[in-house]
Amino acid sequence: MIVELEAYDHTDPAAHGYGNRRTDRNASMFLPGGVAYVYRSYGVHWCLNFVCGDADVASAVLIRALEPTHGLDEMRARRGLDDVRLLCSGPGRLCQALGVTRAHDGLSLEKPPFELIPAPEAPQRILRGTRVGITKAAELPWRYGLAGSRFVSRRFAT
DNA sequence: GTATTGATCTTCT
DNA sequence: GAAGATCAATACA
């Protein structure tokens, strides 16, 4: 279950698609919404985004944290640790737990290997805050998280 | 509990 | 050549 994400769009200096400038890396952000954008972070990790909006307009949400509900054993094997709290609580961690790599970049989110399932119940409260790990446009409150979740990558300011 | 640092790839200057 | 949508290990309080 997705519990934390951040928004990025073409007006955002912190985004890879700022100014709708297309590069080899961010090409998937210019596809019509409903596909994955996967990029390498700090040369070490993969990060997963859901592309939004129309074709040729760069916008996406970075999936920052999940509450693991299915395939716990497989996630533990991929991550090499047991603590459920640490399996998917961060964009790099969740990609490792789910086995997401560049091979998934540009793939539709509506067919395998992806499958999105509506949450069993609507979230009671969503918290908003500033985004993590950026220097430009750091003041924009474009980070969202499920209130009370123990699986967010960082606490939200009260 | 917070602070610092190395790992190591892609993009842009 | 520098910076970056990060993580884990280490050092210190």
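First the proteins, then the strands, lettered A, B, ... as listed; each starts at 1.
- Residues A:Tyr18 and A:His10 keep their aromatic ring centres 6.0 Å or farther apart.
- A:Arg131 comes within 4.0 angstrom of no nucleic acid atom, judged by non-hydrogen atoms across all strands.
- The side chain of A:Arg79 sits closest to C:dA8 out of C:dA8, C:dA5, B:dC12.
- The distance from atom CZ of A:Arg40 to atom P of C:dA3 is 21 Å, rounded to the nearest whole Å.
- Look at OH on A:Tyr39: it is 9 Å from C1' on C:dG4, rounded to the nearest Å.
- Proximity of A:His16 to the phosphate of C:dA5: a side-chain N or O atom is located under 4.0 Å from OP1 or OP2.
- A stacking contact links A:Tyr8 to C:dA5: the aromatic ring centre lies within less than 5.5 Å of the base's six-membered ring centre, and the planes differ by less than 30°.
- Taking a cutoff of 4.0 Å between a charged side-chain nitrogen and a carboxylate oxygen, A:Asp12 and A:Lys136 do not qualify as a salt bridge.
- Computed from coordinates, the A:Tyr18 OH to B:dC12 P distance equals 14 Å when rounded to whole Å.
- Rounded to a whole Å, the CE atom of A:Met29 is 11 Å from the P atom of C:dA5.
- By the 6.0 Å and 45° rule, A:Arg128 does not stack over the aromatic ring of A:Tyr144.
- Side chain of A:Val44, nearest nucleotide from C:dA5, B:dC9, B:dT8: B:dT8.
- Nucleotide C:dA11 is matched to B:dT2 when pairs are restricted to Watson-Crick or G-U wobble geometry with both distances under 3.5 angstrom.
- Across the protein-nucleic acid pair, A:Tyr42 atom OH and B:dT5 atom P stand 15 Å apart, rounded to whole Å.
- For the pair A:Thr135 and C:dA3, the criterion of a side-chain N or O lying under 4.0 Å from OP1 or OP2 is not met.
- When the C1' atom is used for both B:dT10 and C:dA8, the distance is 22 Å, rounded to whole Å.
- Pair assignment for C:dA3 gives B:dT10, based on Watson-Crick or G-U wobble hydrogen-bonding distances that are each under 3.5 Å.
- In the set C:dA8, C:dT6, B:dT11, C:dA8 carries the atom at the smallest distance from any side-chain atom of A:Arg93.
- Figure legend: cation-pi geometry between A:Arg40 and A:Trp46, with NZ or CZ positioned under 6.0 Å from the six-membered ring centre and within 45° of its axis.
- Taking atom CG of residue A:Leu94 and atom P of nucleotide C:dC7, one finds them 9 Å apart after rounding to whole Å.
- With distances taken from any side-chain atom of A:Ile134 to the nucleotides C:dT6, B:dC12, C:dA5, the minimum falls on C:dA5.
- When distances run from any side-chain atom of A:Ala15 to the nucleotides B:dT11, C:dA5, C:dT6, the shortest one goes to C:dA5.
- If you take CG of A:Asp9 and C1' of C:dA5, they are 14 Å apart, rounded to a whole angstrom.
- The cationic atom of A:Arg131 (NZ for Lys, CZ for Arg) lies less than 6.0 Å from the six-membered ring centre of A:Tyr8 and within 45° of the ring axis.
- The closest donor-acceptor contact from the side chain of A:Arg93 to the backbone of A:Ser89 lies under 3.5 Å.
- Using a 4.0 Å heavy-atom distance criterion, A:Asn49 is classed as a base contact.
- Between the CZ atom of A:Arg21 and the P atom of C:dG4 there is a distance of 17 Å, given to the nearest Å.
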